[in-house]
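Here is the structure we will look at, set down as structure tokens.
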Number of protein chains: 2
Amino acid sequence: MSEPRWLDDLEMAAWTSFVEAGHRVDRALERQLKDEAGLSHPQYEILVHLADAPDGELRMAELADRLITSKSGITYQVAQLEKLGLVRRRACPEQARGVYAVLTDEGSARLRGAAPAHVARVREVLIDVLDREQLAVLAEALGVVGRRLRAHDRA
Amino acid sequence: MSEPRWLDDLEMAAWTSFVEAGHRVDRALERQLKDEAGLSHPQYEILVHLADAPDGELRMAELADRLITSKSGITYQVAQLEKLGLVRRRACPEQARGVYAVLTDEGSARLRGAAPAHVARVREVLIDVLDREQLAVLAEALGVVGRRLRAHDRA
DNA sequence: TAGGTCCAGTTCAAATTTGAACTACTTCGA
DNA sequence: TCGAAGTAGTTCAAATTTGAACTGGACCTA
């Protein structure tokens with residue numbers, strides 16, 4: 001290991017802000033969803049990604065990749081959502097070992113009901129606090145960071 | 001609930017980038033610390049905050065606030081670190097019910113050993129990917145987001 | 001077509017995290 | 001000086017998360 005290059009003041013400020021904001025926003029939304037929709041954040045995210053997908057269905061591995069969590073975590077959370085009747089499993093017709101998670105009508109309704117309050121909170125804690133220029137830089141800068149790691153994670 | 005104001009393209013891009021980057025960076029650092037230092041991210045963070053504090057000690061509640069986690073979570077992780085000999089508990093002399101977590105010499109040494117590789121990874125995944133202007137906007141924008149929520153959390 | 005290697009998901013045990021009691025001390029206010 | 005409310009941490013059970021092993025097919029390749 002060579003000489004470490006420590007972070008200067010600006011770098012440190014960017015780093016700590018990023019970490020703190022990430023954690024606090026997470027917690028705020030976790031609470032909001034639990035209180036107002038009775039869903040955990042991972043559960044809500046699963047519903048969102050399914051709703052976005054064509055036919056409201058996605059393979060388990062695809063879900064794990066999008067939620068940035070482990071395969072077993074997805075198995076568990078999809079099982080929870082299945083108990084709630086919000087998601088259904090469907091064997092993949094071609095790939096024998098494949099499984100689709102499918103959004104049910106009830107899941108879709110639940111998501112529609114939960115979304116407005118969730119979006120309102122997202123605005124309140126993040127979006128509406130920033131101006132357009134800041135949003136643009138965030139989108140661009142963190143977009144690059146995310147894509148680099150995503151590519152690396154898949155490799 | 002009034003009409004929800006949905007997110008426009010820019011807002012949505014900022015939001016999803018923020019969430020994805022947050023999760024992926026977290027995971028990358030989690031792995032790095034576990035592999036190269038044998039510490040979990042929360043454990044590492046505790047050591048960092050203690051090292052920053054005067055006399056290397058902090059009250060349990062103060063740690064919980066800085067790590068943005070629950071009180072019981074701190075009790076648990078400090079217990080883990082105590083088993084490893086990296087942290088020690090000390091009764092607070094004045095407030096009878098108070099407890100300090102204190103960084104031990106061994107904890108301090110472990111942190112010094114772990115820091116260079118950790119910083120290198122932080123640079124690799126986030127800092128060195130961005131230019132100075134982007135870092136400045138990140139620090140400013142997310143700084144505001146974090147401080148607002150921190151104030152709210154304490155209230 | 002036998003044997004090897006991947007793959008997609010699941011299962012399992014262990015570690016962690018959470019919130020809700022609970023414990024004991026402190027601090028007020030009457 | 002009594003008792004009600006607060007504080008600071010801990011404990012506990014339940015929920016979640018993780019990685020490692022496992023399962024059963026699919027896909028080579030000789």
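Just so it is clear: chains get the letters A, B, ... in the order the sequence lines come, proteins before strands, and each one is counted from 1.
Residues meeting the salt bridge (charged side-chain N to carboxylate O under 4.0 Å, His left out) test with B:Arg112, sequence neighbours left out: none. B:Arg89 is linked by a salt bridge (charged side-chain N to carboxylate O under 4.0 Å, His left out) to B:Glu82, counting only residues two or more places apart in sequence or in another chain. Every side-chain contact (heavy atoms from CB on, under 4.5 Å) that A:Asp55 has, sequence neighbours left out, goes to A:Glu57.
Non-hydrogen atoms lying under 4.0 Å from DNA chain D are contributed by B:Thr75, B:Arg89, all within residues 73-89 of chain B. Looking at residues 30-45 of chain A, you'll see A:Pro42 sit with a heavy atom under 4.0 Å from some atom of DNA chain D.
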Could you go through nucleotides 5-8 of chain D and list every protein N or O atom that sits under 3.5 Å from one of its N or O atoms, giving the distance for each pair?
residue, atom, partner, partner atom, Å
D:dA8, O3', B:Arg59, NH2, 3.3

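Here A:Val78 is tied into one hydrophobic group with A:Leu33, A:Leu39, A:Tyr44, A:Ile46, A:Leu47, A:Val48, A:Leu50, A:Leu58, A:Met60, A:Leu63, A:Leu67, A:Ile74, A:Leu81, A:Leu84, A:Leu86, A:Val87, A:Val99, A:Leu103, A:Leu111, each link being a pair of ILVMFWY side chains closer than 4.5 Å. Taking Ile, Leu, Val, Met, Phe, Trp and Tyr as members and joining any whose side-chain heavy atoms lie under 4.5 Å apart, directly or through other members, the hydrophobic cluster of B:Val137 also contains A:Val137. Hydrophobic cluster membership for A:Val102: A:Tyr100 (Ile, Leu, Val, Met, Phe, Trp, Tyr linked by side-chain heavy atoms under 4.5 Å, directly or transitively).
A 6.0 Å sphere centred on CG of B:Asp35 holds more than 12 heavy atoms belonging to other residues, nucleotides or ligands.
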For residues 21-30 of chain B, tabulate all N or O donor-acceptor pairs below 3.5 Å that involve a side-chain atom, not counting sequence neighbours.
residue, atom, partner, partner atom, Å
B:Arg24, NE, B:Glu20, OE2, 2.8
B:Arg24, NH1, A:Asp153, OD2, 3.0
B:Arg24, NH2, A:Asp65, O, 3.4
B:Arg24, NH2, B:Glu20, OE2, 3.3
B:Glu30, OE2, B:His41, N, 3.4

Would you list the atom pairs, donor with acceptor, under 3.5 Å between side chains in residues 117-129 of chain B and any protein atom, with sequence neighbours excluded?
residue, atom, partner, partner atom, Å
B:His118, ND1, B:Gln32, OE1, 3.0
B:Arg121, NH1, B:Glu124, OE2, 3.1
B:Arg123, NE, A:Arg5, O, 3.1
B:Arg123, NH1, A:Glu11, OE2, 3.3
B:Arg123, NH1, B:Asp128, OD1, 2.9
B:Arg123, NH2, A:Trp6, O, 2.8
B:Arg123, NH2, A:Glu11, OE1, 3.0

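Nearest heavy atom pair, residue A:Ala139 against residue B:Ser17, reads O-OG, 3.3 Å.
Protein chain A contacts DNA chain C from C:dA8 to C:dT18, reading 5' to 3' and using non-hydrogen atoms of the protein with a distance under 4.0 Å.
One N or O on the side chain of A:Gln134 and one on the backbone of A:Asp131 form a donor-acceptor pair closer than 3.5 Å.
Comment: B:Arg110 does not engage B:Glu106 in a salt bridge, judged by the lack of any side-chain N to carboxylate O separation of less than 4.0 angstrom.
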